[in-house]
Amino acid sequence: MRQIPGAWRRTAAGAGLVGPDGSIRPTIFAEMSALAARTGAINLGQGFPDEDGPAQVLEAARAAIANGVNQYPPGRGIPDLLAAIAEHQQRFYGLHLDPARHVLVTAGATEALAAALLALLEDPDDEVVVFEPYYDSYAAIAALAGARLVTVPLRWPDFQPDLDDLRAAVTDRTRIILVNDPHNPTGAVFASEVRDEIVRLADRHDALIVTDEVYEHLAFDRPHVPIATLPGAWDRTLTISSGGKTFSTTGWKIGWITGPAPLVDAVLAVKQFLTYVNGSPFQPAIATGLRLGDDFFAVIAGALLTKRDTLGAGLRDAGFDVSVPSGSYFTVADAGPLGATDAAAFCRELPERVGVVAIPLTAFATPEHSSDYRTLVRFAACKRVEVLQDAAARLSALA
Ligand SMILES: Cc1ncc(COP(=O)(O)O)c(C=O)c1O
């Protein structure tokens with residue numbers, strides 16, 4: 001058997017993705033989902049819905065498979081999906097995009113993020129500013145790209161960044177400000193002053209902005225505002241989204257990135273050597289979804305709001321302090337009032353104690369900062385209301 005080249009191991013290990021013995025570190029999500037499977041606990045850990053999305057979208061995928069849409073699609077994505085993404089950006093945000101130049105289809109938002117960071121980070125001194133806690137792939141990809149992560153803390157209970165912290169983090173070394181709004185894991189929707197300051201700082205320090213907007217249609221209080229729509233932002237902003245959360249098709253992995261042609265081309269140059277293309281029959285199906293009527297888009301946030309409130313009430317009754325999210329699939333609760341001092345230990349015990357799985361917020365923070373989140377736990381609200389009621393009943397045993 002041939003040895004795995006040492007350089008590969010060094011690179012992945014250097015990025016902290018492989019343990020000292022060469023073993024792949026399981027993510028906390030894999031660990032907790034395995035725990036859910038073993039104990040039969042309700043899995044409020046990983047963020048995926050337990051109901052199918054719109055019937056037309058599912059039917060369009062079935063029809064595409066039946067009609068032979070099963071081979072490699074074009075590198076940028078099928079023209080109909082490129083057009084549907086451009087129409088969506090115009091319809092919801094007033095952005096006028098050329099589908100042939102400003103849009104690229106990717107294997108989920110995750111590939112768009114990876115390709116964008118790998119394409120745009122040029123030199124080892126480049127810094128990526130992220131808001132912490134953060135979606136875990138941000139740190140992994142920044143490390144694989146060889147860049148330094150600089151974090152802006154989001155603090156309990158509203159998780160809005162402090163503008164002075166933001167100003168201190170962005171410098172001439174900043175290559176990318178990576179924004180996720182609505183935010184996973186906290187459910188925060190950034191205030192308009194925060195978005196404005198991000199654009200101002202990017203301009204002042206000549207940084208690029210990459211925004212992850214996968215929860216764009218799951219904001220509860222007001223319509224989502226993409227940073228790319230702010231004055232002066234378009235030329236330096238790449239906007240990422242995907243169909244997974246909006247259409248409850250997280251397993252399809254159809255994502256996209258939009259922005260000025262030179263930036264999108266740079267991402268395409270990397271993306272063509274990651275997956276090249278993916279999901280040909282799912283691409284027309286997501287195009288169908290993006291063209292659904294306003295009634296569909298109007299109700300999905302409302303349905304999730306009901307779930308958020310069911311989960312929040314259950315958590316409060318069980319004795320947690322709860323941060324009320326303004327968007328996304330998630331609710332963060334403080335287990336401190338229940339006597340917890342270590343959220344990771346609390347989450348490892350929770351399935352056996354009451355039959356519910358959740359994720360410690362420390363999983364979304366750099367080890368040096370994890371103490372800031374040591375009693376905080378993320379619960380996913382994107383489950384059927386009966387499931388959330390059952391989870392609430394089980395959690396009430398903690399009170
Ligand atoms: C903030 C954020 N970005 C990206 C993703 C992944 O998106 P996709 O499944 O389209 O790759 C997720 C999924 O949980 C997420 O929460």
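Counting convention: from 1, in listed order, for ligands and their atoms alike.
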Original post:
Who gets closest to atom 3 (N) of ligand 1 by heavy atom: D212, L113, D181?
Top reply: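 Residue with the shortest heavy-atom distance to the ligand atom: D212.
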
**OP:** Give the single entry among Y134, F48, Y135, F29 that approaches atom 15 (C) of ligand 1 most closely by any heavy atom.
**Re:** Y135

Which ligand 1 atoms are under 4.0 Å away from a heavy-atom of [X]?
X: N184; value: 1 (C), 15 (C), 16 (O)
X: S242; value: 10 (O)
X: K253; value: 8 (P), 9 (O), 11 (O)
X: K245; value: 12 (C), 13 (C), 14 (O)
X: N180; value: 1 (C)

Original post:
Under a heavy-atom criterion of less than 4.0 Å, does H183 contact ligand 1?
Top reply: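 For ligand 1, residue contact (heavy atoms, under 4.0 Å) with H183 is absent.
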
Subject >> Ring centres under 6.0 angstrom apart (F131, F190) >> reply: yes

**OP:** Answer with yes or no after comparing the ring centroid distance for W234 and H96 against a 6.0 Å cut-off, counting only values under it.
**Re:**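 No.
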
Original post:
Using a heavy-atom cut-off of under 4.0 Å, does the side chain or the backbone of Y329 touch ligand 1, or both, or neither?
Top reply: neither

For the 3.5 Å polar cut-off, considering only N or O atoms, please tell me whether [X] and ligand 1 meet it.
X: A109; value: yes
X: Y215; value: yes
X: Y138; value: no

**OP:** Indicate yes or no for a side-chain donor-acceptor contact from D212 to the backbone of V214 under 3.5 Å, with no hydrogens or angles considered.
**Re:** yes

Subject >> Nearest non-hydrogen partners of F346 and A340, listed with the distance >> reply: CD1-CB, 3.8 Å

Subject >> Least distance between heavy atoms, S370 atom then T362 atom >> reply: O-CG2, 3.4 Å

Subject >> Cation-pi, F48 ring and K383 (6.0 angstrom, 45 degrees) >> reply: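 Yes, K383 sits over the ring of F48.
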
Subject >> CZ/R236: more than 12 non-hydrogen atoms of other groups inside 6.0 Å >> reply: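 Result for CZ/R236: enclosed.
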
Original post:
Side-chain contact, heavy-atom cut-off 4.5 Å: R148 with L121?
Top reply: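 R148 does not reach L121 side chain to side chain.
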
